[in-house]
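Everything numeric in this text was worked out from a predicted model, so none of it was measured. Order of the sequence lines sets the chain letters (A, B, ...), proteins ahead of strands, with each chain counted from 1.
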Number of protein chains: 2
Amino acid sequence: VFQLSFAPFLPSLQGTRDYGPKQMAIRERAFNAIISCFKRHGAEVIDTPVFELKETLTGKYGEDSKLIYDLKDQGGELLSLRYDLTVPFARYLAMNKITNIKRYHIAKVYRRDNPAMTRGRYREFYQCDFDIAGQFDPMIPDAECLKIVHEILSDLQLGDFIIKVNDRRILDGMFAVCGVPDSKFRTICSSVDKLDKVPWEEVRSEMVGEKGLSPEAADRIGEYVQLHGGLDLIERLLQDPKLSQNKLAKEGLGDMKLLFEYLTLFGITEKISFDLSLARGLDYYTGVIFEAVLLHQENEHVEEAVSVGSVAGGGRYDGLVGMFDPKGRKVPCVGVSIGIERIFSILEQRLEASEEKIRTTETQVLVASAQKKLLEERLKLISELWDGGIKAEMLYKKNPKLLNQLQYCEDTGIPLVAIVGEQELKDGVVKLRIVATREEINVRRESLVEEIRIRTSQC
Amino acid sequence: VFQLSFAPFLPSLQGTRDYGPKQMAIRERAFNAIISCFKRHGAEVIDTPVFELKETLTGKYGEDSKLIYDLKDQGGELLSLRYDLTVPFARYLAMNKITNIKRYHIAKVYRRDNPAMTRGRYREFYQCDFDIAGQFDPMIPDAECLKIVHEILSDLQLGDFIIKVNDRRILDGMFAVCGVPDSKFRTICSSVDKLDKVPWEEVRSEMVGEKGLSPEAADRIGEYVQLHGGLDLIERLLQDPKLSQNKLAKEGLGDMKLLFEYLTLFGITEKISFDLSLARGLDYYTGVIFEAVLLHQENEHVEEAVSVGSVAGGGRYDGLVGMFDPKGRKVPCVGVSIGIERIFSILEQRLEASEEKIRTTETQVLVASAQKKLLEERLKLISELWDGGIKAEMLYKKNPKLLNQLQYCEDTGIPLVAIVGEQELKDGVVKLRIVATREEINVRRESLVEEIRIRTSQC
């Protein structure tokens, strides 16, 4: 009668992963640190569907658009899996006419990438996004986003890190003064974006060969993108005879200076590097952009390039919401996205290297019996405990051996055992055993919930 | 230079929904109740990818398979969005050779349904699943699943409910004694499954017309599926001259009796109805099946049928894991799935009807200034508070009016305002205002974190 078709053994789906209980416990720790930070900064939370109309995602991601997962046309609208949480957020704001919100959103996004799982890259992965939307005075929300990255990376103790910052206006101004034609700004920007993965010579030959930029312009860009520093570099570029003549670059540099002033007040400039090679791949950025990079990769054997350690990124996108509004009304936005998969890997490796034993349940007590034929009594007692709000388990056997029941507690870290026996039932008590000390005490049945609560209040 | 393509105003994507901050606050409440219950029963948590290999889902869902969302073939494997959390769980167990686990999983699933959103049906929706896998003594885990449904529905105070139970073996035995050919068991079962939505006459004509069942067999089925009751009905059917001769039915009825004994010990039989019309659509069930239905629909104007109120379902599926194992090794499983969307709707409607004002942030204090030119001082202070673990916000303006700052607290429920001013800065204090009482006190700057913590410890 069982008419199910037989499926052969299934290989693991490349570029995705299951999270078992242990991984989930680690994941929860990381999420808690991140969510705490987002809440500390007063963020609300929203959620959007995993798929969007295909047209919603079209033309937002530049060369990365080829990585979008489309759903099969099975009738109805054409749908795609979300590529990030930023475009759905902008669509949400426009659709609901929201002009002012600070929100976080933690959810999975999808990319048809060539998965390189050893480097912590997946086709399905979590993003933890915090964004501030609204018309505000310059660089105050932008500075807060950087403060958030700083707080989260410090809190998670991932080792030393640096947050690179740049500004799309500085990049565009730089392209202009280097002689890049307007129409090539975005594609040259995509080339610059590769500098964290490939050497300048390769990027240069892409610019000149594939993208038809003049060698002179490429070389001029090559000069600029070597530069990184702090306030001093900003001041120097504000005096740069070419850049200072470009309106966009001047605006960007002025705001960058303001940003550094605010970051000084936050006390975090030590970890911030104004870096002219930072470009970010996505089309929608319009102002400040940034990316956080881990400098030392603990517990990892080989490290190919610094960029592998990128764990957060973001920037300002003042034009995106307007693209979804019928009247093109803009809502300025700035936000940060924490790339959590790499952080999980590090925390996982660290835990494995340590002696720490991680519990995967919160069970306070195991309901056990020392004699046979007490299944009904165990069911009655565990039901009382559940109804009293106690986290309780029992073995699903009619007549389990006491030793097996105690062993289960050892294996899973359950601190207490409530043992029912003939004598205890007659006396109206339950024998409570403390697993760690093997101490046993009789507790009146009506006090059992309270007794367990007190004894596990530190759990 | 902005080369993004313009997207016209986008209509809402039918059958999906965005969750705004208010809805999220309600959703969190419901999730918390459900997760607390799952943890109370000692469950671990796992997570699996949103898509699976298409072949993983093939042949598991019977007639509902047409509702599976496929991804477009863009090269690589053929993928589908998960239809439920049960099949991915079974695949996970087989792949990791796990024979014993109690886990929960809360995640979105996808169905290409004709959305009827007023009835709380979506194409993307959350399922909250709790399952027990392993070889155990009969009906103990099955009873716990029903206890869990009972606890959650009681805890959420959704009004009166009933949990219908049946067993696939009883259904199959019933089909056999009614004269249904073996090959038609599953398809006739699918017809019976519609009884909660359409009247018997329609189901009968589907059986006879579309599915070619003899009218006599259909009428015999019609007799049985009217029956519902408790232990008394089980006893009666165990004496039924035809059913009692059928091995499967006898096994199912024996276990049903045992189940009712355990549910009596849990004290929940009052809400349980053994109902021969309950069939459940999915192919993979092999034993006990159940479904929880809300009886009264508070705050709703029109109610078409009782079945609209279905909020949880589940059952035993002992064959599913074996389908994913290369040697066909079976792992018996039983589980429950809470259909949370309908529960959200009810909670949302209830909140709207009530006077309760729901906060969407946890911000403890707003950092404000009474005079102009104090942006830098506000940034310094808020940074200290964040670093001290305080949830703090400020307005992103250089010179906000005090009135606007106080109004923001009123609007968002922030209980405290930390006001910096020239005099306070000189004196090394901060003025702390309690929004509710308008009381103002000077607090030494080094004690501010502690003072805020104490004053908001009930929040």
Side-chain angles (χ1 to χ4, degrees), chain A residues 1-7 9-10 13 16 18-21 24 39-40 42 44-50 53 55-56 58-59 69-72 74 92 108 112 124 136-137 140-141 172 182 185-186 262 265-266 283 319 323-324 326 360-363 376 379-380 383 386 391 393 396-398, chain B residues 1-7 9-10 13 16 18-21 24 39-40 42 44-50 53 55-56 58-59 69-72 74 92 108 112 124 136-137 140-141 172 182 185-186 262 265-266 283 319 323-324 326 360-363 376 379-380 383 386 391 393 396-398:
Chain A
V1 223
F2 210 69
Q3 294 175 344
L4 299 172
S5 73
F6 183 80
F9 180 64
L10 294 169
L13 181 49
T16 67
D18 295 317
Y19 284 82
M24 285 298 281
K39 286 188 173 173
R40 197 157 59 234
E44 304 181 282
V45 57
I46 72 158
D47 192 22
T48 66
V50 81
L53 290 173
E55 60 187 297
T56 299
T58 303
Y69 267 111
D70 293 330
L71 265 68
K72 192 172 157 185
Q74 294 168 295
Y92 169 80
K108 288 173 176 175
R112 292 181 51 252
E124 173 187 67
F136 301 116
D137 281 327
I140 312 177
D172 285 350
D182 279 15
F185 276 16
R186 284 283 77 74
Y262 296 159
L265 293 166
F266 288 161
D283 273 3
M323 295 175 66
F324 296 112
T360 55
T361 70
E362 298 173 12
T363 308
E376 284 74 13
L379 287 169
K380 254 166 85 175
S383 182
W386 286 332
K391 297 177 188 118
E393 289 185 70
Y396 301 122
K397 288 198 153 267
K398 277 184 94 133
Chain B
V1 219
F2 211 71
Q3 294 175 344
L4 300 171
S5 72
F6 183 81
F9 180 65
L10 294 169
L13 180 49
T16 68
D18 294 318
Y19 284 82
M24 285 298 279
K39 285 188 173 172
R40 198 155 59 233
E44 304 181 283
V45 57
I46 72 159
D47 193 22
T48 66
V50 81
L53 291 173
E55 60 188 296
T56 300
T58 303
Y69 267 112
D70 293 332
L71 265 69
K72 193 171 155 185
Q74 294 168 294
Y92 169 80
K108 289 172 177 176
R112 293 181 51 250
E124 173 187 65
F136 301 116
D137 281 326
I140 311 178
D172 285 350
D182 279 15
F185 276 16
R186 285 282 76 77
Y262 295 160
L265 293 166
F266 288 160
D283 271 3
M323 295 175 65
F324 295 113
T360 55
T361 70
E362 298 174 12
T363 308
E376 284 75 13
L379 287 170
K380 255 166 81 175
S383 183
W386 287 330
K391 297 177 188 118
E393 289 184 70
Y396 302 121
K397 290 199 151 267
K398 277 185 93 135

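A 4.5 Å side-chain heavy-atom check between V45(A) and P21(B) finds every atom pair outside the cut-off. Side-chain contact between L71(A) and R112(B) is absent, with no heavy atoms from C-beta onward closer than 4.5 Å.
Between G42(B) and T363(A) the shortest heavy-atom distance is CA-OG1, 3.3 Å. What you find for E44(B) and T361(A) is that their closest heavy atoms are CG-CG2, 3.5 Å. Considering every non-hydrogen atom in both K108(B) and T48(A), the closest pair reads NZ-O, 3.1 Å. D70(B) approaches Q74(A) most closely through the heavy-atom pair N-OE1, 3.1 Å. For the residue pair D18(B) and P49(A), the shortest heavy atom distance occurs at OD1-CD, 3.1 Å. Between G20(B) and Y92(A), the shortest heavy-atom contact is CA-OH, 3.2 Å.
Your options are W386(A), Y19(A), F136(A), Y262(A), and the one with the most heavy-atom pairs under 4.5 Å with chain B is W386(A).
In this structure, K72(B) NZ and K72(A) NZ are separated by 12.0 Å, a value rounded to the nearest 0.5 Å. Separating the NZ atom in K397(A) from the CD1 atom in I140(B) is a distance of 9.0 Å, to the nearest 0.5 Å.
Proximity to chain A involves both the backbone and the side chain of K39(B), based on heavy atoms less than 4.5 angstrom apart.
A donor-acceptor pair under 3.5 Å is absent between the side-chain atoms of E376(A) and the main chain of L265(B), judged by distance alone.
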